[in-house]
Amino acid sequence: MLDLRILRDDPDLLRDNLAIRKIPVFDDLPVDAPDWAAKTVDRLRKLDEEYRRLLEEEERLRHEQKRIADEMKALGRLPRDEQAARRRPLVEEGRTLRERERLLADRVAEARAARDAAWSKVPNLTHPDAPRGDGDDAHRELRRVGTMRDFEAEGFAPKDHLTLAEGLGIVDFEAGAKVAGQKFYYLVEDGAMLDLALQMYALEVARRHGFRLHVTPDLARAEIVAGLGFQPRGPSTQIYSVEGTDLCLVGTAEITLGGMLADEILDAEDLPILLAGLSHCFRTEAGSAGQESKGLYRVHQFTKVELFAFTHGDVQVSDAMHRRFLDIEIEIFEGLGIPFRVLDMATGDLAAPAYRKYDLEAHLPGRGGWGEITSTSNCTDYQARRLKIRYRDPEAADRRRGRNRFVHMVNGTAVATSRAIVAILEHYQQADGSVVVPEVLRRWVGKDVLVPRA
RNA sequence: GGAGGAGUGGCCGAGCGGUCGAAGGCGGCGGACUUGAAAUCCGUUGAGCCCCCUUCGGGCUCCGUGGGUUCGAAUCCCACCUCCUCCGCCA
């Protein structure tokens, strides 16, 4: 959620930002409608003004009510016989005020809910250097790391990860489908060890960089999920809900790590707070039917080590942290020996909470292209505002704005094991279908090479 | 799952239906003392929102959350959440 002051003080900024983000706020104002951004801002302003108008009126009524109560209190000093007579009209007036105020309170709540529902869909502001545009070619490639395999020179055609995994006997999609449905799977034998090895590897790197390690809950309250900017409910949600409760299966430990400090006021000197979280991740993949329907690349459940930072509420600071996250992600996949490229994601492709996002895309010879393996986002104060995560800023002596400021929140993937396995299988495959285990994982996998079953 | 008890400001902890945004303490900040620091003393110190908007100023809300009773609720009633103790069950 953005600061409402932007709506009131700088509507043009908001309009321009909506235009480059291409995220709709009102259903009847889709991003291809004429002047949709300006019209969206107009409507937001009307909603806000309506709410404030009603609020003012309600506050006036409440003020009156308090006046009556105070007068009543003063009657206590009068002689007994006089009190009853003086009390009656006051009680009458107070009762009338109460009724009027209650009616109005409902309208205020409605107006506020309407404004907030719309406002919470407005995306975060955008880093000035993020490339504008949308679509795959709009992203800016920042660098390439590692060496791609030259299968032509090696004299064999690369297989895709699914073929390799089946040959090795390390995933069982059939059993997954039988027990839980399409896009669920079992990791078997070396597959299980590979998954755990990636987790251990990522946790070690995270810890070396000063992140405090957590195994997080895999479920979270819908309120927390929404606080992080995810849509917990609705037809297009990516999030599973547990029936009869207000719980959701988390799509990422970003939710559980970010929610940890909800409603807290931190000490400035405790920042930045660096957390790593290991969790299972569940995604409905609504709307992605048919896309990469086979294999481990897009699945309903996987395991991930997530990095998270709470920083001072200053873009300079969170920006620097964001770059640090990117460096750690690069270090992790460089350590695995996987060739990849780094993308500065285009404005039209950023999720609502992100101010800027970098993706790492591994080169996947099996599919002959690049595939996202990790990403990192600076969400500035967008999530913190709704989660009410603040810190006392001793510098900010300004009485008007208050001493407490919202933290900035940065998240990033250390390792999503399913996609890392895809990249490892495809990059490290050999002509006979065996797969070399990346050196850094061997101490946990216990093997140098995975060999196909006879 | 059953039976009790409790949730108050950054933290701890008082609180009779009106005099309570809330005693007291800790912590923080400012000052005095000191060469400096500690100790001591004095003062100060919650959050959010609305109007005004430069300040000054005015107003509303908030004592776990949401309802209710009342002219008036931190205080009474109901539901939910969380924590603690005991019993049961279990990895």
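Every chain is numbered from 1, with letters handed out A, B, ... down the list of sequences.
For A:H312, the ring-ring contact (aromatic ring centres under 6.0 Å, His included) partners are A:Y391, not counting sequence neighbours. Qualifying ring-ring contact (aromatic ring centres under 6.0 Å, His included) partners for A:F184, counting only residues two or more places apart in sequence or in other chains: A:H300.
Sorted by first and then second residue, the side-chain hydrogen bond (donor to acceptor under 3.5 Å, both in side chains) pairs with a member in residues 95-108 of chain A read A:R62-A:E101; sequence neighbours excluded. The ring-ring contact (aromatic ring centres under 6.0 Å, His included) analysis of residues 209-237 of chain A, with sequence neighbours excluded, yields the pairs A:F211-A:F325. The side-chain hydrogen bond (donor to acceptor under 3.5 Å, both in side chains) contacts involving residues 23-41 of chain A comprise A:D28-A:R43, where partners must be two or more places apart or lie in separate chains.
The same atom, P, is picked in B:U55 and in B:C49; the two are 15 Å apart, to the nearest Å.
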Using distance only, find each side-chain donor-acceptor pair of residues 171-181 of chain A under 3.5 Å and give its atom names and separation, not counting sequence neighbours.
from   : atom 1 : to     : atom 2 : distance (Å)
A:D172 : OD1    : A:E174 : N      : 3.2
A:D172 : OD1    : A:A175 : N      : 2.9

Could you list the donor-acceptor pairs under 3.5 angstrom formed between side-chain atoms of residues 249-261 of chain A and any protein atom two or more places apart in sequence or on another chain?
from   : atom 1 : to     : atom 2 : distance (Å)
A:T252 : OG1    : A:E254 : N      : 2.9
A:T252 : OG1    : A:K304 : NZ     : 2.7
A:E254 : OE2    : A:Q383 : NE2    : 2.9
A:E254 : OE2    : A:N411 : ND2    : 3.3
A:T256 : OG1    : A:T216 : OG1    : 3.0
A:T256 : OG1    : A:A253 : O      : 3.2

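In the region residues 213-231 of chain A, proximity to RNA chain B at under 4.0 angstrom, judged on heavy atoms, holds for A:R221.
Distance from the side chain of A:R62 is smallest for B:C60 among the nucleotides B:C60, B:C51, B:G10.
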**OP:** At under 4.0 Å between heavy atoms, which parts of nucleotides 62-77 of chain B does protein reach? Answer with one letter per nucleotide, 5' to 3': B base, S sugar-phosphate only, - none.
**Re:** -------SBBS-----
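For the pair A:R112 and A:E64, nearest-nucleotide mapping onto RNA chain B gives the more 5' position to A:R112.
B:C50 atom P lies 9 Å from atom CZ of A:R5, rounded to whole Å.
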